[in-house]
Q: 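Please read through the structure below; I'll follow up with questions.
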2 protein chains.
Amino acid sequence: MDQVEIFKALSNKTRLQILNWLKEPAENFPEQLNPDFENIGVCVGQIQMKAGLSQSTISEYLSILQRANLVTATRVGQWTYYKRSEEGIKMLNQIIGTAL
Amino acid sequence: MDQVEIFKALSNKTRLQILNWLKEPAENFPEQLNPDFENIGVCVGQIQMKAGLSQSTISEYLSILQRANLVTATRVGQWTYYKRSEEGIKMLNQIIGTAL
DNA sequence: AAGATATATCGACTTTTCCCGATATACCAA
DNA sequence: TTGGTATATCGGGAAAAGTCGATATATCTT
């Protein structure tokens, strides 16, 4: 995994917000329909509405976060649910502790 | 301090390398003349030579790192010595632990 | 004061990132 | 199979970052 790619993924206000929102899905996405979203994550449409950017932009941002291993995606029917990857974020801490 | 600016500063291979080199100045900059460089840092010219990019580029990169509080600068005569700001890097760990 | 050296800043060009709207794809429901 | 909905991908225009050479500034030496 390229460290630069991780930091690039974090170099954007909206992407940092998304990562933050996903820490507390229940509070930040009260309109989410799927009752299991604490485990599975939040769908793209909810994140898009909250972020206030276009659907295509948010979809791309989420895949940038995914490529950096900061979130994981689960497809269920027509929805894709995204949640934080705590392992990936832990690895980032290690990078900063050692490589940096 | 803007988190995005910190991550942007880290989103570049050369700037990450510089930060790394400055962890071990004695090993990475054996040609440094100033014998006190462990405390004061390494001068721009040494960093430029090692990085292999132009003088202007490295000068700008160092000021980007400085604006992000990742290094500090000390002017001594005609030289500017840069060293890691361990406090700034510690703060980055906090950001990742809390804000992220 | 004049020349030499180290660093910073400026102007320009190229590449990348930020976003969007439009379109494609995948899935669901009737 | 025909719509309808959710997400992904594509193409593009504007803004930012990467990088350079040239020039400016600061300092030192003589």
Side-chain angles (χ1 to χ4, degrees), chain A residues 2-19 22 25 29 31-34 36-37 40-68 70-83, chain B residues 2-19 22 25 29 31-34 36-37 40-68 70-83:
Chain A
D2 186 6
Q3 298 174 217
V4 173
E5 287 309 310
I6 299 176
F7 290 125
K8 277 187 184 170
L10 296 169
S11 297
N12 177 279
K13 183 156 144 279
T14 303
R15 290 195 295 265
L16 283 179
Q17 283 180 321
I18 291 172
L19 237 28
L22 292 179
F29 302 97
E31 298 179 27
Q32 172 86 27
L33 296 172
N34 192 322
D36 192 32
F37 68 135
I40 205 174
V42 179
C43 71
V44 179
Q46 294 292 317
I47 297 170
Q48 190 232 317
M49 269 177 38
K50 186 154 178 112
L53 292 179
S54 77
Q55 187 272 319
S56 53
T57 298
I58 297 302
S59 178
E60 198 194 340
Y61 280 11
L62 287 167
S63 79
I64 289 171
L65 289 172
Q66 188 184 18
R67 277 198 296 280
L70 296 167
V71 301
T72 59
T74 313
R75 182 110 205 198
V76 177
Q78 36 197 161
W79 292 275
T80 307
Y81 296 92
Y82 283 92
K83 62 179 296 200
Chain B
D2 186 6
Q3 298 172 217
V4 173
E5 287 309 309
I6 298 175
F7 289 124
K8 277 187 184 171
L10 296 169
S11 296
N12 177 281
K13 183 156 144 279
T14 303
R15 289 195 295 266
L16 283 179
Q17 283 179 321
I18 291 171
L19 236 28
L22 292 179
F29 303 96
E31 297 180 25
Q32 173 86 26
L33 296 172
N34 191 322
D36 192 32
F37 68 137
I40 204 175
V42 180
C43 71
V44 179
Q46 294 292 316
I47 297 171
Q48 190 231 317
M49 270 179 35
K50 187 153 177 112
L53 293 179
S54 76
Q55 188 271 319
S56 53
T57 297
I58 296 303
S59 178
E60 198 194 339
Y61 279 10
L62 287 168
S63 79
I64 289 171
L65 290 172
Q66 188 183 17
R67 277 197 296 278
L70 296 166
V71 301
T72 59
T74 312
R75 182 109 205 199
V76 177
Q78 38 198 159
W79 292 274
T80 307
Y81 295 91
Y82 284 90
K83 63 179 294 199

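This structure is a prediction, so every number in the text was calculated from the model and none was measured. The sequence lines fix the lettering, A, B, ..., with proteins before strands; numbering per chain opens at 1.
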Q: Below 4.0 angstrom from OP1 or OP2 of D:dA8, is there any side-chain N or O of A:Thr80?
A: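 So the side chain of A:Thr80 is within the cut-off, an N or O lying under 4.0 Å from OP1 or OP2 of D:dA8.
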
Q: Identify, with sequence neighbours excluded, every residue that meets side chain to side chain donor-acceptor pair (under 3.5 Å) alongside B:Ser54.
A: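 Checked B:Ser54 against side chain to side chain donor-acceptor pair (under 3.5 Å); matches are B:Ser56, B:Thr57.
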
Q: What one-letter contact string describes nucleotides 16-26 of chain C from 5' to 3', where B marks a base within less than 4.0 Å of any protein heavy atom, S marks contact via sugar-phosphate atoms alone, and - marks no contact?
A: -SSBBBB----

Q: The criterion is side chain to side chain donor-acceptor pair (under 3.5 Å); which residues satisfy it with B:Thr74, sequence neighbours excluded?
A: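 Side chain to side chain donor-acceptor pair (under 3.5 Å) check on B:Thr74 returns nothing, list empty.
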
Q: Would you kindly give the CG-to-P distance between B:Leu10 and D:dG18, to the nearest whole Å?
A: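 Checked: the CG to P distance equals 12 Å.
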
Q: Between P on D:dA6 and CD on A:Gln48, what's the gap in Å once rounded to a whole number?
A: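 In whole Å, D:dA6 P and A:Gln48 CD are 11 Å from each other.
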
Q: With sequence neighbours left out, write down each residue that passes side chain to side chain donor-acceptor pair (under 3.5 Å) with B:Ser11, or none if nothing qualifies.
A: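 Only A:Ser11 meet the side chain to side chain donor-acceptor pair (under 3.5 Å) criterion with B:Ser11.
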
Q: To the side chain of B:Tyr82, which of D:dT7, C:dA6, C:dA8 is closest?
A: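 Looking only at side-chain atoms, B:Tyr82 lies closest to C:dA8.
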
Q: Does B:Gln55 have any side chain to side chain contact (heavy atoms under 4.5 Å, CB included) partners at least two apart in sequence or in another chain, and if so, which?
A: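 Testing B:Gln55 for side chain to side chain contact (heavy atoms under 4.5 Å, CB included), a comparison that skips the adjacent residues, returns B:Gln48, B:Ser59.
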
Q: In whole angstrom, what separates B:Leu16's CG from D:dG18's P?
A: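 In whole Å, D:dG18 P and B:Leu16 CG are 11 Å from each other.
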
Q: If you take all heavy atoms of B:Val76 and B:Tyr81, which pair is closest and at what distance?
A: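 Looking at all heavy atoms of both residues, the closest pair is CB-CE1, 3.7 Å.
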
Q: Quickly work out the A:Met49 CE to D:dT7 C1' distance and round it to whole Å.
A: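 In whole Å, D:dT7 C1' and A:Met49 CE are 16 Å from each other.
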
Q: Among residues at least two apart in sequence or on other chains, which ones pass side chain to side chain donor-acceptor pair (under 3.5 Å) with B:Thr80?
A: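 None.
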
Q: Please give, in whole Å, the distance from D:dC28 C1' to B:Trp79 CH2?
A: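 In whole Å, D:dC28 C1' and B:Trp79 CH2 are 8 Å from each other.
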
